[in-house]
Amino acid sequence: MMSIVERELELKLVLSPERSIPVPARLTYRTDDPYAVHIAFHIGSESPVHWTFARELLVEGVFRPCGHGDVRIWPTKVAGSSVICVALTSPDGDALLEVNSAAVAAWVERTLRVVPPGSEADRLGLDEALAELLAPLPADDLWLSDPWASDDAPSQDGEA
């Protein structure tokens, strides 16, 4: 059975060291996609902006800087408050976001209780899917049988 862990949050889009704007977002974790976290940013457009990245990256980013390339995450303090910074890079531009550290850590902890680290592959059902793919079917007997007569069989002209 699939489970979903969601949390509505308000992140801050950092425009400059002195200025940021609030961005409502939804964190989503689904057990049918156990390695990933999904974030939908509601930025006032017709549809939200979606990002998906490794849950492990967010788990680690709560404690120490991690990631490279498109997604980088690190904990820090801003005005005495613990926050997690998320830097996103895409062909459309870059964004630096700040989010309350305790809120993210609590949500991450909920995902880890639903699917403990190291058990993600069990949720994918790969062994069962592979077994089903490789299971012989009745028609396989036709493909596995030898289409040519045995070399020991007598030929039609009576010679052996």
Side-chain angles (χ1 to χ4, degrees), residues 1-17 19-140 143:
M1 178 172 84
M2 182 182 73
S3 296
I4 297 174
V5 179
E6 288 187 316
R7 171 90 192 244
E8 296 284 337
L9 292 170
E10 183 172 279
L11 289 79
K12 291 181 182 177
L13 175 61
V14 178
L15 302 175
S16 72
R19 187 162 181 251
S20 62
I21 58 173
V23 176
R26 174 181 288 145
L27 289 171
T28 303
Y29 178 76
R30 297 188 319 257
T31 57
D32 68 338
D33 191 7
Y35 289 105
V37 294
H38 307 271
I39 302 179
F41 299 101
H42 304 281
I43 57 171
S45 60
E46 218 173 274
S47 60
V49 174
H50 294 274
W51 276 77
T52 301
F53 53 87
R55 175 176 74 160
E56 185 177 327
L57 187 62
L58 191 55
V59 169
E60 187 175 338
V62 168
F63 300 104
R64 66 187 139 272
C66 65
H68 57 279
D70 295 346
V71 180
R72 290 173 288 127
I73 301 173
W74 65 94
T76 192
K77 291 212 182 261
V78 173
S81 297
S82 293
V83 298
I84 295 173
C85 291
V86 179
L88 304 173
T89 301
S90 79
D92 295 327
D94 301 328
L96 175 60
L97 300 143
E98 294 174 354
V99 61
N100 178 280
S101 185
V104 172
W107 180 80
V108 166
E109 179 62 31
R110 286 177 52 208
T111 73
L112 296 173
R113 282 195 305 268
V114 172
V115 179
S119 69
E120 294 92 348
D122 300 340
R123 295 292 182 142
L124 295 176
L126 293 178
D127 291 338
E128 295 83 8
L130 190 56
E132 185 179 328
L133 273 173
L134 297 176
L137 298 172
D140 289 341
W143 292 103

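Residues: numbered from 1 along the sequence shown. What you see below is based on every heavy atom in this structure, not just the backbone, and it leaves out hydrogens, waters and symmetry mates.
Under the side chain to side chain contact (heavy atoms under 4.5 Å, CB included) criterion, Pro48 pairs with Ala40, His42, His50, sequence neighbours left out. Under the side chain to side chain contact (heavy atoms under 4.5 Å, CB included) criterion, Ser101 pairs with Ser82, Ile84, not counting sequence neighbours. Remark: Ser47 pairs with no residue by the side chain to side chain contact (heavy atoms under 4.5 Å, CB included) rule, at least two apart or across chains.
When every heavy atom of Thr76 is checked against every heavy atom of Cys85, the shortest pair comes out as CG2-SG, 3.6 Å. Contact between Ala25 and Phe41 at its shortest, heavy atoms only, is CB-CD2, 3.9 Å. Contact detail for Gly61 and Ile73: the closest heavy-atom pair is CA-CG2, 3.6 Å. Taking each heavy atom of Ser90 and Trp51 in turn, the nearest pair found is CB-CZ2, 3.9 Å. Scanning both residues, Ser3 and Thr31, for their nearest heavy atoms gives N-OG1, 2.7 Å. In plain terms, the two heavy atoms of Trp74 and Pro65 that are nearest each other are CB-CA, 3.7 Å.
A salt bridge (Lys or Arg N to Asp or Glu O under 4.0 Å) check over residues 93-114, counting only residues at least two apart or in different chains, returns the pairs Glu109-Arg113. Each salt bridge (Lys or Arg N to Asp or Glu O under 4.0 Å) pair with one or both residues in residues 42-55, not counting sequence neighbours, appears once here: Arg55-Glu120. Legend: salt bridge (Lys or Arg N to Asp or Glu O under 4.0 Å) pairs involving residues 59-76, not counting sequence neighbours, sorted by first then second residue: Glu60-Arg64.
Atom CD1 of Ile43 and atom CG of Leu13 lie 9.0 Å apart (nearest 0.5 Å). The distance from atom CG of Leu97 to atom CD of Glu10, rounded to the nearest 0.5 Å, is 11.5 Å. Within the model, atoms OG1 of Thr89 and CG of Leu96 stand 10.0 Å from one another, a figure rounded to the nearest 0.5 Å.
Taking a 6.0 Å sphere around OH of Tyr35, one finds it holds more than 12 heavy atoms contributed by other residues, nucleotides or ligands.
A heavy-atom distance below 4.5 Å is found between the side chains of Pro117 and Leu112. Under the 4.5 Å side-chain criterion, counting only non-hydrogen atoms from C-beta, Ile39 is in contact with Phe53. Taking the side chain as every heavy atom from C-beta outward, Leu57 and Val37 never approach each other to under 4.5 Å.
Of the candidates Arg7, Glu6, His38, Thr28 forms a side-chain hydrogen bond (donor to acceptor under 3.5 Å, both in side chains) with just one, namely Glu6.
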Exercise for the section: Begin with the C-alpha distance, continue with both residues' side-chain angles, and end with the deciding distance and a verdict on side chain to side chain contact (heavy atoms under 4.5 Å, CB included) for Leu9 and Val104. Expected result: CA-CA 9 Å; Leu9 292 170; Val104 172; 4.2 Å; yes
